[in-house]
Number of protein chains: 2
Amino acid sequence: MVTIKDVARIAGVSIATVSRTLAEPEKVSEKTREKVMKAVEQCGYVTNTLARNFRRRRSNTVVVLVPDISNLFFANIIQGIEGVAHQNQYRILLGDTQQIPERERAYADLVSQRQADGVICLGRNIPFTYRKGRKTLDPDWPPFAMACEYHGEIPVPTVCIDNIGASQEAVQHLLDLGHTRIAFINGPADSPLCDDRLQGYRRAMKRAKAPLNSSWLTSGDFTLASGYACTQDLLALSQRPTALFCANDEMAIGAMQACRDAGLSLPGDMSIIGFDDIAFAAYTHPRLSTVHQPRNRIGEQVMQLMLKMLKEGGAGETRLVLPHALVLRESTAPPG
Amino acid sequence: MVTIKDVARIAGVSIATVSRTLAEPEKVSEKTREKVMKAVEQCGYVTNTLARNFRRRRSNTVVVLVPDISNLFFANIIQGIEGVAHQNQYRILLGDTQQIPERERAYADLVSQRQADGVICLGRNIPFTYRKGRKTLDPDWPPFAMACEYHGEIPVPTVCIDNIGASQEAVQHLLDLGHTRIAFINGPADSPLCDDRLQGYRRAMKRAKAPLNSSWLTSGDFTLASGYACTQDLLALSQRPTALFCANDEMAIGAMQACRDAGLSLPGDMSIIGFDDIAFAAYTHPRLSTVHQPRNRIGEQVMQLMLKMLKEGGAGETRLVLPHALVLRESTAPPG
DNA sequence: CTGTTAGCGCTTTCAT
DNA sequence: ATGAAAGCGCTAACAG
């Protein structure tokens, strides 16, 4: 293996000079720089980043915890994160946690082991141990930020959208079309984000004086299959809803299938609106109306936030709320 | 920061003993082990993996190069890779290359920098420089394997399916239904995998003595939009096909939409068959017939292969061909 | 079974 | 502007 020593020997300078030339070229005379660069080329030297990171006590790597990479929603967020990371010489260590606390912990531990400098979490669990009821950030935690999700009590720096507002708008759209029997297929109940979407739903229904029927409140796990199953339950009700608001597009697409299988025509017999605006939403039949989230930007912004924390330590009580947009396509119509 | 020295001091042993206790507990007396473990707990010591990796000259990290993580097909493969990696104390550094050579190179370089021990490539490009026309593995390359894709000339260790056979079966299914005017929406022409799928298509058509019309051969880039666009072109032809074979499910779903927009009924006016069997394929209208690939297993196997190379160096001319399966759903029918 | 010791390759004072 | 030297925290001979 070619090391900095070899380069120094060939160039006839000290290893310190080689190191400087590579890291801070402006601090070295032009003549020396040339000599060194020639030597580097000649022997094919590549900096051993492992040694550098070890010495510098940081890894230029950020762990990104994803609940499930086979959930399309996260892909664009990751691309956003990765783009900014790449521009800033940072690497992304992707952890697909499947919401398993042990795996979340394992990845977060990479920071204590100096394999990573910070943690970005796209799921709803904080991957560090903390006393239940804690309401402040623990100064012992490494640089840590969340995207999409947020914590109910601890003010973790976060990039997200206004889930209450977005949800309310989606339901309002259904109400505006004349629906009042509107069911909601939400995500897991223990998620603050889903809490907010539920609140938005409630708020819209209440404001419109539409009946709130608890059997119209179901929750799935964001998969196609769970959307299908929840819809089957909803269709079996004696008081059938005429419209469905789903907390993500996958469940909405599952819901569509369940309706078709039950012989309903869409959107005539059932209006359906989703959330996220994944690419597939524009390719369903009928095309799915949904709430658009700026996924790429969410990723970019949370990585920027992380970089800031890495440089300056702490980011205060940042909560960056990015704009969403209702995208109306073909899956909603006035009640038959 | 708590280091191995602190633990040694508290436990009253040498740092070597601490290191041993943590790495090879069986080589240490039980009494010492207890002392050390207690000291570790007491001061909250965590091994600095960066220092360890530096000393051991390996990182226990494998780079996975993905052409596009927002392409669903890759997600399950990555999950397979990650699962096996995790079990073996390996980390995955995910590189979303967008097929940009510069980015592929940048990620592959992590190996020369000792940030990673090997490279798994899910795309079709070899991320190392090599003379055009080379037909053998370069011994200077780090442990390197491909999944799904493979190289036309260089015998890179690979895990894949029989693309010629799978493609042939898909087209044969269309032929069996009575179609002869079968168009093919393939992926990018410079991909060996797509070459094989084209060959399978040709073989099936030839064997059935069906007409081979070059205007029925199109290629997209595996996205929904490209499937849509290719289909529009196909529908504008005076000699319209009655069936469509698409090289992935996304393009097939795009094709479905284009057909519907053109007023065709599915599968009556147009049979469509896809490739991959992503989750969405079972939730289209009509449900998409397709070729199933064992994505999780592909990922698991390629990581196993990588582990083997990492341990033993070199894997010979391995090409592991996993079984595929035709999944018939509702999107294919006899020609109207 | 345990301790001593010599680095791994690099960055970073501190002199010069 | 450059060099000498001191480690970063850990592992792995080697000796005892």
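What's counted below: heavy atoms across the whole structure, side chains too, no hydrogens, waters or symmetry copies. A note on names: the letters A, B, ... follow the listed sequences, proteins ahead of strands, and every chain is numbered from 1. Everything numeric here is computed off the predicted structure, so don't read it as measured data.
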In this structure, how many angstroms lie between the [atom2] atom of [N] and the [atom1] atom of [X], rounded?
| X | N | atom1 | atom2 | answer |
| --- | --- | --- | --- | --- |
| Arg55(A) | dC10(D) | CZ | P | 15 Å |
| Lys27(B) | dC14(D) | NZ | P | 14 Å |
| Arg58(B) | dC8(C) | CZ | C1' | 14 Å |
| Phe54(B) | dT11(D) | CZ | P | 12 Å |
| Ile15(A) | dT12(C) | CD1 | P | 13 Å |
| Arg56(A) | dT13(C) | CZ | C1' | 15 Å |
| Leu50(A) | dT11(D) | CG | P | 13 Å |
| Met1(B) | dG9(D) | CE | P | 6 Å |

Q: Name the nucleic acid region contacted by Ser19(A), choosing base, sugar-phosphate or nothing; use a 4.0 angstrom heavy-atom cut-off, strictly under.
A: base
Q) Where is the tightest heavy-atom contact between Asp96(B) and Asp68(B), given as atom of each residue plus distance? A) OD1-CA, 3.3 Å
Q: Name the residue closer to the 5' end of DNA chain C, choosing between Arg57(B) and Ala16(A) according to the nucleotide with the nearest heavy atom.
A: Arg57(B)
**Q.** Side chains of Thr136(A) and Arg134(A), donor plus acceptor under 3.5 Å
**A.** yes
Q: Decide whether Gln89(A) and Asn60(A) meet the rule of one side-chain donor and one side-chain acceptor closer than 3.5 Å.
A: no
Q.
Counting only heavy atoms not in Glu26(A) (residues, nucleotides, ligands), do more than 12 fall under 6.0 Å from its CD?
A. yes
Q) Is any side-chain N or O of Arg20(B) under 3.5 Å from a base N or O of dG3(C), one able to act as donor and the other as acceptor? A) yes
